[in-house]
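Provided herewith is a single structure, encoded as structure tokens, for subsequent inquiry.
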Amino acid sequence: MKYEIKSFGNVNGQNYDEIYIYHEDIIISFSNLGARINRWQIIQTTGKVEKLIISNQDADQAFENKESFVGASIGRVAGRIGKATFELNDQSYQLKKNENDNHLHGGNHPYDLSLWEYQVIEFKDKISVEFTYTDPDGNNGYPGTIQNKVIHSYDSNHVWTVEYLAETDKDTVFNPTNHVYFNLNGDCQESIANHHIQVSASHYVPVQADGLPVGRIDSVENTPFDLREGVEFGQVLNADHPQVVLKSGFDHPFVFDAKQEERIVVSLVEKQRQLTVKTDCPCVVIYTVNLPDSIIWADGEQVSSHGAFTLETQHLPNAMNEEGFGDVTLKAGQKYYSQTSYHLTY
């Protein structure tokens with residue numbers, strides 16, 4: 001394994017880097033713009049490049065494509081917070097409203113478009129890039145200064161692992177994720193309908209039209225959200241279930257069953273590719289790029305409707321405002337840690 005650092009471009013006088021890791025016929029890269037994953041590619045013997053994830057060409061495109069959060073670290077809190085408010089320790093906090101009446105993905109881009117410090121560490125069987133960022137007290141309305149570390153690693157077995165570590169000096173809320181978009185066809189112009197997906201989740205969370213959870217957790221039984229035995233996306237993305245119709249696909253949290261190590265398995269039989277996801281997070285948000293005319297761009301091309309899917313591992317969105325959604329409080333001096341790994345076989 002080896003790595004090199006290239007320019008990711010200059011925006012408003014700020015230079016950004018992209019760290020490329022090479023192993024066999026794989027290229028994977030990360031950037032200090034938003035501690036993001038930016039490439040995961042298979043280089044064929046013919047020289048053809050197959051892109052397993054949606055990528056940005058450079059920092060300029062990442063900023064232009066900012067509402068899609070392509071590959072970026074998301075924080076402090078992933079997902080939507082209803083009416084951009086929450087209570088903590090008997091005090092009410094008003095956050096920035098950046099999606100109609102709600103607060104989305106941490107507000108005005110505190111993590112995904114920030115410059116992160118980094119160092120590259122080489123091990124015997126993997127290369128890690130450790131990113132650090134200080135999120136100041138009051139940023140986007142959140143209490144407490146958070147010291148963040150995001151570690152992206154790629155190992156000799158073709159496992160990409162992302163780890164989140166954090167500490168705060170005041171009680172706050174914290175629920176980070178990575179907003180990676182996959183398409184195992186290697187082309188975001190091709191539909192994900194031919195992907196087989198299996199998720200160890202007996203429950204999911206219905207949402208409103210604006211994407212905010214309705215406030216309850218439902219069984220997947222006898223619904224298109226039952227992915228426990230596995231199904232092709234093509235069989236469920238056009239189902240007549242009200243929740244699928246509402247979002248024109250999936251844009252929903254799935255709640256993992258306990259004691260399942262392999263949480264998600266996505267397969268593309270025709271290319272003999274498989275992605276296996278393990279995580280200590282309690283849920284995953286699966287989004288299937290549902291807009292008829294997608295606003296997402298990748299390498300200068302517009303991503304087609306259902307041309308990719310996300311696997312955003314996290315705690316349940318809007319948990320601080322919903323009973324039974326879990327606790328996303330990070331207390332002063334407490335150490336936060338979460339880990340998700342994506343194992344590619346091909």
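Numbers here are sequence positions counted from 1.
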(message) Please find the pair of heavy atoms, one from D125 and one from M1, that lie closest to each other, and give the distance.
(response)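 Nearest heavy atoms, D125 then M1: O-SD, 3.8 Å.
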(message) Quick one about Y346 and D25 (side-chain donor to acceptor, distance below 3.5 Å, no hydrogens or angles considered), yes or no?
(response) yes
(message) Check for me whether the distance between the ring centres of F225 and H241 falls short of 6.0 Å.
(response) yes
(request) Verify side chain to side chain contact (heavy atoms under 4.5 Å, CB included) between Y342 and I53, making sure each step is shown before the conclusion. (result) CA-CA 12 Å; Y342 304 83; I53 65 171; over 6 Å; no
(message) So Q61 and V70, do their side chains get closer than 4.5 Å, heavy atoms only?
(response) no
(request) Output all residues satisfying ring-ring contact (aromatic ring centres under 6.0 Å, His included) with Y164, sequence neighbours left out; order by chain, then residue number. (result)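 Expected list: none.
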(request) Measure from the side-chain N and O atoms of T288 to the backbone N and O of A308, and report whether any donor-acceptor pair falls under 3.5 Å. (result)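 No; judged by distance alone, with no hydrogens or angles, the pair does not exist.
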(request) Please name all residues satisfying side chain to side chain donor-acceptor pair (under 3.5 Å) with N98, sequence neighbours left out, ordered by chain then number. (result) none
(message) With no hydrogens and no angle check, just 3.5 Å: does a side-chain donor-acceptor pair link N183 and N185?
(response) yes
(message) Measuring from atom OG of S267 to atom CG of N194, what distance do you get when rounded to the nearest 0.5 angstrom?
(response) 11.5 Å
(message) Are the side chains of R228 and S202 in contact, using a 4.5 Å heavy-atom criterion?
(response) yes
(request) Evaluate the ring planes of W160 and F30, with Trp represented by its six-membered ring, and classify them as parallel (under 30°), tilted (30 to 60°) or perpendicular (over 60°). (result)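 Rings of W160 and F30: tilted, 30 to 60°.
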(message) Once rounded to the nearest 0.5 Å, what's the spacing between atom SG of C283 and atom CZ of F256?
(response)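 Rounded to the nearest 0.5 Å, the SG-CZ separation comes to 7.0 Å.
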(request) Nearest 0.5 Å please: distance from the CD1 atom of I264 over to the CG atom of L227. (result) 9.5 Å
(message) When you compare the side chain of L237 with that of V244, does any pair of heavy atoms fall below 4.5 Å?
(response) no
(message) In this structure, is the centre-to-centre distance between the rings of Y181 and H179 below 6.0 Å?
(response)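 Close enough - the centres of the two rings lie under 6.0 Å apart.
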(message) Can you classify the ring geometry of H109 versus F69 as parallel (below 30°), tilted (30 to 60°) or perpendicular (above 60°)?
(response) tilted
(message) Please identify which of these residues, S55, S29, S7, meets the side-chain hydrogen bond (donor to acceptor under 3.5 Å, both in side chains) condition with E18.
(response) S29
